[in-house]
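Okay, structure first, notes after.
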Amino acid sequence: MRRTFSLLLLLACACGEEGPEPGEELSGGETTVHDTTRNAFTLAARNLQGERRDAFFVGNALFNRNWVMAPSSTEGLDGLGPTFNAPSCAGCHFKDGRGKPPTEPEEKPLALLFRLSIPGQDAHGGPLGDPTYGGQLQPQAILGVPAEGGVAFTYTTREGTYADGTAYTLQEPHYALVDLAFGPAHPELRVSPRVAPAMVGLGLLEAIPDSALAALADPDDTNGDGISGRVNHVWDVEHGEVRVGRFGWKANQPSLRQQDAGAFRGDMGITSDLFPEEECTSAQQACLAAPSGGAPELDAQKLDAVTFYSRTLAVPARRDVDNTEVLRGRRLFRDELECAKCHVPRHETGVVEDAPELSKQVIFPYTDLLLHDMGPELADHRPDFEATGTEWRTPPLWGIGLVETVNRHTRFLHDGRARSLEEAILWHGGEAERSRERFRTLSATDRAALLRFLESL
């Protein structure tokens, strides 16, 4: 096997392309699994053994379980809502994969949520929710409680041309809140659509040391390369202090436990020790009067189980790493387009005391977990802690080539507007505008090679 791999590397070099780094096919280091089926995102870390592997399946069951309204005979799994987006974690993260916006006229935006805020900050520097509808629009509700409202979608077609004359089109989404149950929202309401991301490799991303992220940051662009990644410093509810943010589309969550607890409360209306209060504003009297499933509804043991599951979901291995076209795309990605300045290929995790499986792993997530200005076309104009209205966290790219297999779609970016990886690149602006323009001026052969590389991740 090793002799064959070495021969392929020699052949690749003979064709003018540098071969892959040793171990590069193992995107998640020793946690990596080899699976290219619809279940590729659902598997436990390969090096997870014994009772810890059993714990993974306990968390998996809770992740996929539908919660019900209280009171219920299903003790410990009631308390859904009063208002909510989905009844389960898997409702948005189907097969632990990536959600998409509605693509059919009557389709509900189940895996696309809408964050709401008004000018100003809360007590800890985070976004200030709408006084009537809170921090997230809830389009569903339990019996006897009004849902907050819905969203109408329209699209504008944008036309463009590659340097070789090939035409392309992009779809620009437009959103309008409709059927609001409690009257108009704040006149300066800011709305940010967020599609559910894939769940793989989150524990490995959490294990990257803060110091490594700080070393990648260049907020003042001191090296003059046009890239000025910034760390988002956010409020850690559990520890009562400001910490480095790394999860969420704007890196607004410091830990997986807080990310999961925030999703339980924001997406399902399930309270926890981190977020013990329902998100019912004073305008929503039926919501305030609705029965509770407990105080909190999600006990610490269940939250820890789901967090363990989130932390130990495996990353699938890359495919075709030694293919000549893939290697050509790899070179274009790293050297000519300089995509790797933000989508940093390689990291090494630190020592994680309670997760030896995640410790000291060489991983290839293709992210720096930093904030970057992506220009006005992708802006949501909604600050989130230190993230501005034009900044987004660099999303990891590992597993991106399997989204179509797992989730049966190819919708990308924070709101799913891009209908393909090609369109996702063409939407890049701001700090990534130079890379986008270099992609736009590539030959058709080189464009195909770059996309083939991304599909191998």
Side-chain angles (χ1 to χ4, degrees), residues 65-89 91-92 108-110 112-124 126-151 177-192 194 235 237-238 240 252-253 258-300 302-303 306 382 384:
R65 183 67 179 263
N66 279 347
W67 288 70
V68 298
M69 66 178 291
S72 169
S73 59
T74 312
E75 186 176 351
L77 289 171
D78 61 350
L80 177 67
T83 57
F84 60 96
N85 287 80
S88 70
C89 304
C92 294
K108 302 294 185 182
L110 185 63
L112 177 67
L113 61 83
F114 290 83
R115 293 281 167 82
L116 310 176
S117 64
I118 63 175
Q121 295 180 323
D122 68 13
H124 301 297
L128 192 62
D130 180 81
T132 302
Y133 296 97
Q136 184 170 313
L137 185 71
Q138 307 289 357
Q140 300 194 66
I142 63 173
L143 186 66
V145 176
E148 291 182 337
V151 181
L177 303 188
V178 297
D179 302 324
L180 293 177
F182 307 103
H186 191 278
E188 295 183 80
L189 183 71
R190 295 162 173 171
V191 180
S192 180
R194 312 278 178 90
W235 184 249
V237 175
E238 189 167 18
N252 66 338
Q253 296 289 4
Q258 184 166 316
Q259 170 73 24
D260 289 348
F264 266 103
R265 202 264 299 266
D267 300 349
M268 292 180 282
I270 304 296
T271 59
S272 65
D273 57 348
L274 267 63
F275 301 105
E277 303 293 330
E278 299 281 7
E279 279 202 317
C280 303
T281 68
S282 60
Q284 301 179 25
Q285 290 300 308
C287 182
L288 290 168
S292 169
E297 293 162 331
L298 177 71
D299 62 43
K302 290 187 178 70
L303 176 57
V306 174
R382 181 182 181 272
D384 202 332

Exercise. Between S88 and G91, is there a donor-acceptor pair closer than 3.5 Å when you use the side chain of the first and the backbone of the second?
Worked result: yes

Exercise. SG of C287 to CD of E279: how many Å apart, nearest 0.5 Å?
Worked result: 9.5 Å

Problem set entry | Test log, rule side chain to side chain contact (heavy atoms under 4.5 Å, CB included), inputs V178 and V151 | CA-CA 5 Å; V178 297; V151 181; 5.8 Å; no

For this session: Please examine the side chains of D78 and W67, heavy atoms only from C-beta on, and report whether any two atoms are closer than 4.5 Å.
Result: no

Exercise. Is there a donor-acceptor contact under 3.5 Å from the side chain of Q258 to the main chain of V237?
Worked result: yes

Problem set entry | Y133 side chain to F182 backbone, donor-acceptor under 3.5 Å | yes

For this session: Return the minimal non-hydrogen interatomic distance between A86 and L80, and the atom names on each side.
Result: O-CD1, 4.1 Å

Exercise. Which atoms form the tightest heavy-atom contact between A181 and P146, and what is the distance?
Worked result: CB-CB, 4.1 Å

Exercise. Would L116 and R190 count as a side chain to side chain contact (heavy atoms under 4.5 Å, CB included) if you check the C-alpha gap in whole Å, the side-chain angles of each, and the deciding distance to 0.1 Å?
Worked result: CA-CA 6 Å; L116 310 176; R190 295 162 173 171; over 6 Å; no

Problem set entry | Minimum side-chain heavy-atom gap L137-L180 below 4.5 Å | yes

For this session: Would you check if the side chain of H124 reaches a backbone N or O of G126 as a donor-acceptor pair within less than 3.5 Å?
Result: no

For this session: Would you indicate whether the side-chain heavy atoms of L303 and D273 approach each other to under 4.5 Å?
Result: yes

Exercise. Side chains of E148 and Q136: is there a donor and an acceptor less than 3.5 Å apart?
Worked result: no

Exercise. Hey, does L288 have a side-chain heavy atom less than 4.5 Å from the side chain of C280?
Worked result: yes

Exercise. Is a side-chain donor or acceptor of E297 paired with a backbone partner of T271 at a separation under 3.5 angstrom?
Worked result: yes

For this session: Of all the heavy-atom pairs spanning P82 and A290, show the shortest one and how long it is.
Result: CG-CB, 3.5 Å

Problem set entry | E277 backbone acceptor or donor facing R265 side chain under 3.5 Å | yes

Problem set entry | Nearest-0.5 Å distance that lies between atom CG in N252 and atom CZ in R194 | 6.0 Å

Exercise. Can you name the closest pair of heavy atoms from P127 and R382 and give their distance?
Worked result: CB-NH2, 3.5 Å

For this session: Could you tell me the separation between the SG atom of C92 and the CG atom of L112, rounded to the nearest 0.5 Å?
Result: 9.5 Å

Exercise. What heavy-atom pair brings L189 and A185 nearest, and what distance separates the two atoms?
Worked result: CD2-CB, 3.6 Å

Problem set entry | Test item: Q138 side-chain N/O and G266 main-chain N/O as donor-acceptor pair under 3.5 Å | yes

For this session: Provide the closest heavy-atom pair for K302 versus G76 in the form atom of the first, atom of the second, distance.
Result: CE-O, 3.5 Å

Exercise. Between the side chain of Q140 and the main-chain N/O of F84, is any donor-acceptor distance below 3.5 Å?
Worked result: no

